[in-house]
Amino acid sequence: MSSSSGNSNHGTLVCVTGANGYIASWLVKLLLHRGYRVKATVRDPGDPRKVDHLRKLDGAKERLDLVKANLLEEGSFDKVVEGCKGVFHTASPFYHNVRDPQTELIDPAVKGTLNVLKSCAKSPSVKRIVLTSSMAAVTYTGKPRNPDEDVVDETWFSDPDFCKESKLWYVLSKTLAEDAAWKFVKENNMDMVSINPGMAIGPLLQPTLNASAAAILNLINGAHTFPNFALEWVNVKDVANAHIQALEIPLANGRYCLVETVAHYADVVKILHELYPKFKLPERCVDDKPVMPRHEVSKEKAKSLGIEFIPLDASLKETIESLKKKKFFKF
């Protein structure tokens, strides 16, 4: 954690959109811990399953204001961002089983981001926007990679045409949203930083299962095989912390890739087996195709935010213990 968590932020008002999401919930928790006042937007502040975990956070009673806002409604963030010094835009849908990618993923991601940015452009109080993007908007270039030579870094940008051809709708939604955001802030001379995390795992604050925790739960819940691909992994607490550092550090700029390690599902199963020898884990890969080569992601820029990265084995342990505590599986 940064040494700047003294009282300098005390009472500073910031906004977090989509505050009941997995990463956003941790962001709200750490902001309250650092003394910020937080205006948190959710679709339905009256739904206890969506917001009770936020209301219970330390400092929430005094410094957390839950506000209803609709991403697709232009102007619905005007009042919300008024008076806020920083705006964290984390709200973006994440589903795998999509019937209508445009309506379910792309519009909310792109139009939602632009609606929030338009509201920020009208508010003189907003000094910086921190956008939650994703490694999805970085690595899907469609170009052949040499894992021995190519190190993925912040200069890489996913290719929307490749994403469309490959029907990678979530990846496309994050790529188009980040691209639209950069164009908008450049045209309007605004200060924005984007955080591009890999697959975030670690403890869950919310009572519902999010996509990344579900991927781990699946491995320990009787799956016979594990997927044949490597993923970029990072701890949710590092991601939340990076967002705050990106607001607080004046020189923070551009994009930040946040990946502790790239590991194949085979590696993840191996670590889980070492941590929990009694678990019945899948023993074979889903297919006989060659294992996708692991690539490397640069940590240089992320380290300039003071992020030291929690190792994958610790993150996996935290995820499992959290799933256990929330009774998502019987063991």
Side-chain angles (χ1 to χ4, degrees), residues 1-17 23-24 26-39 81 83-90 113 116-117 119-121 123-139 151-158 174 177-198 200 232 234-260 296-310:
M1 293 280 171
S2 111
S3 55
S4 60
S5 55
N7 290 329
S8 57
N9 326 311
H10 223 72
T12 302
L13 183 63
V14 292
C15 168
V16 178
T17 69
I23 291 171
W26 270 100
L27 178 54
V28 172
K29 181 183 167 86
L30 296 187
L31 285 165
L32 290 171
H33 178 70
R34 291 198 190 195
Y36 284 93
R37 286 189 301 134
V38 182
K39 228 188 242 189
V81 301
C84 293
K85 184 182 173 188
V87 173
F88 298 94
H89 178 46
T90 76
T113 297
V116 172
L117 290 174
S119 295
C120 292
S123 174
S125 68
V126 177
K127 299 293 175 257
R128 179 173 284 172
I129 297 118
V130 180
L131 174 74
T132 310
S133 186
S134 166
M135 286 303 292
V138 178
T139 47
V151 176
V152 177
D153 66 19
E154 286 76 8
T155 62
W156 291 45
F157 220 104
S158 296
K174 293 305 279 186
E178 195 192 326
D179 187 44
W182 284 119
K183 285 182 179 138
F184 184 88
V185 297
K186 283 185 177 120
E187 282 161 18
N188 292 276
N189 203 14
M190 295 159 77
D191 182 353
M192 184 179 87
V193 175
S194 87
I195 301 293
N196 295 64
E232 297 132 345
V234 65
N235 193 293
V236 66
K237 293 182 283 187
D238 285 336
V239 179
N241 190 28
H243 279 73
I244 302 174
Q245 298 291 79
L247 178 73
E248 291 183 357
I249 296 171
L251 290 174
N253 66 85
R255 313 165 88 202
Y256 289 86
C257 292
L258 276 203
V259 176
E260 190 273 325
E296 200 184 323
V297 179
S298 170
K299 294 182 182 176
E300 288 315 297
K301 215 174 160 202
K303 285 187 170 164
S304 72
L305 292 180
I307 306 301
E308 282 166 16
F309 288 113
I310 297 162

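Being a predicted model, the structure only gives us computed values, none of them experimental.
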In Å, rounded to the nearest 0.5 Å, how long is the span from NZ of Lys237 to CH2 of Trp26? 5.0 Å
What's the spacing between Glu187 CD and Leu117 CG if we round to 0.5 Å? 11.0 Å
Sequence neighbours excluded, which residues qualify as salt bridge (Lys or Arg N to Asp or Glu O under 4.0 Å) partners of Arg37? none
Partners passing side-chain contact (heavy atoms from CB on, under 4.5 Å) against Ala136 (at least two apart in sequence or in another chain): Ser134, Tyr170, Val171, Lys174
Looking at residues at least two apart in the chain, or sitting in another chain, which of them share a side-chain contact (heavy atoms from CB on, under 4.5 Å) with Ala302? Leu258, Phe309
Does some side-chain heavy atom of Met190 sit less than 4.5 Å from a side-chain heavy atom of Cys120? yes
Of all the heavy-atom pairs spanning Asn253 and Leu251, show the shortest one and how long it is. ND2-O, 2.8 Å
Flag the pair Val38 / Val16 as yes when at least one side-chain heavy-atom distance between them is below 4.5 Å, and no otherwise. yes
Interatomic distance, Lys301 atom NZ to Cys257 atom SG [nearest 0.5 angstrom]: 8.5 Å
The criterion is side chain to side chain donor-acceptor pair (under 3.5 Å); which residues satisfy it with Asp179, sequence neighbours excluded? Lys183
Derivation of the side chain to side chain contact (heavy atoms under 4.5 Å, CB included) call for Val87 and Val130: CA-CA 6 Å; Val87 173; Val130 180; over 6 Å; no
Hey, are the side chains of Leu131 and Glu178 touching, using non-hydrogen atoms and a 4.5 Å cut-off? yes
State, to 0.1 Å, how close Ala200 and Val239 come at their nearest heavy-atom pair, and which atoms those are. CB-CG2, 4.4 Å
Checking Leu247 against Tyr36 for the side chain to side chain contact (heavy atoms under 4.5 Å, CB included) test, could you report, in this order, the C-alpha distance in whole Å, the side-chain angles of both residues, the deciding distance, and whether it holds? CA-CA 12 Å; Leu247 178 73; Tyr36 284 93; 4.1 Å; yes
If we only count heavy atoms from C-beta on, is the Leu31 to Ile244 side-chain gap below 4.5 Å? yes
Is the closest side-chain heavy-atom distance between Asn241 and Gln245 below 4.5 Å? yes
So, using side chain to side chain donor-acceptor pair (under 3.5 Å) as the criterion, who are the partners of Ser304 when residues are at least two apart? none
For the OG1 atom of Thr17 and the CD1 atom of Ile129, what is their distance to the nearest 0.5 Å? 11.5 Å
Can you find a side-chain donor-acceptor pair between Asn196 and Glu154 that sits under 3.5 Å? no
Just wondering, do Glu260 and Ile310 contact through their side chains at under 4.5 Å, heavy atoms? no
Any Lys/Arg nitrogen of Arg34 or Glu248 sitting under 4.0 Å from an Asp/Glu carboxylate oxygen of the other? yes
If every non-hydrogen atom of Phe88 is compared with every non-hydrogen atom of His243, which pair is closest and at what distance? CE2-O, 3.3 Å
Tested for side-chain contact (heavy atoms from CB on, under 4.5 Å) against Val297, the lone hit among Val152, Asp153, Val138 is Val152
With side chains defined as the heavy atoms from C-beta onward, is the minimum distance between Val259 and Val234 less than 4.5 Å? no
Hey, what do you get for NZ (Lys39) to CG (Leu13), rounding to the nearest 0.5 Å? 5.5 Å
Once side-chain contact (heavy atoms from CB on, under 4.5 Å) is applied, do any residues pair with Ala252, and if so which ones, sequence neighbours excluded? Arg128, Val193, Ile249, Tyr256, Leu305
Testing the basics here: between Ala240 and Leu30, what is the closest heavy-atom pair and its distance to 0.1 Å? CB-CD1, 3.8 Å
Are there more than 12 heavy atoms of other residues, nucleotides or ligands under 6.0 Å from atom NZ of Lys29? no
Would you indicate whether the side-chain heavy atoms of Ser125 and Lys85 approach each other to under 4.5 Å? no
Taking every non-hydrogen atom, the tightest pair across Ile23 and Pro197: CD1-CG, 4.3 Å
Looking only at side chains, do His89 and Thr132 share a donor and an acceptor under 3.5 Å apart? no
Kindly determine whether Phe157 and Arg255 satisfy side chain to side chain contact (heavy atoms under 4.5 Å, CB included), including the steps that lead there. CA-CA 11 Å; Phe157 220 104; Arg255 313 165 88 202; 3.4 Å; yes
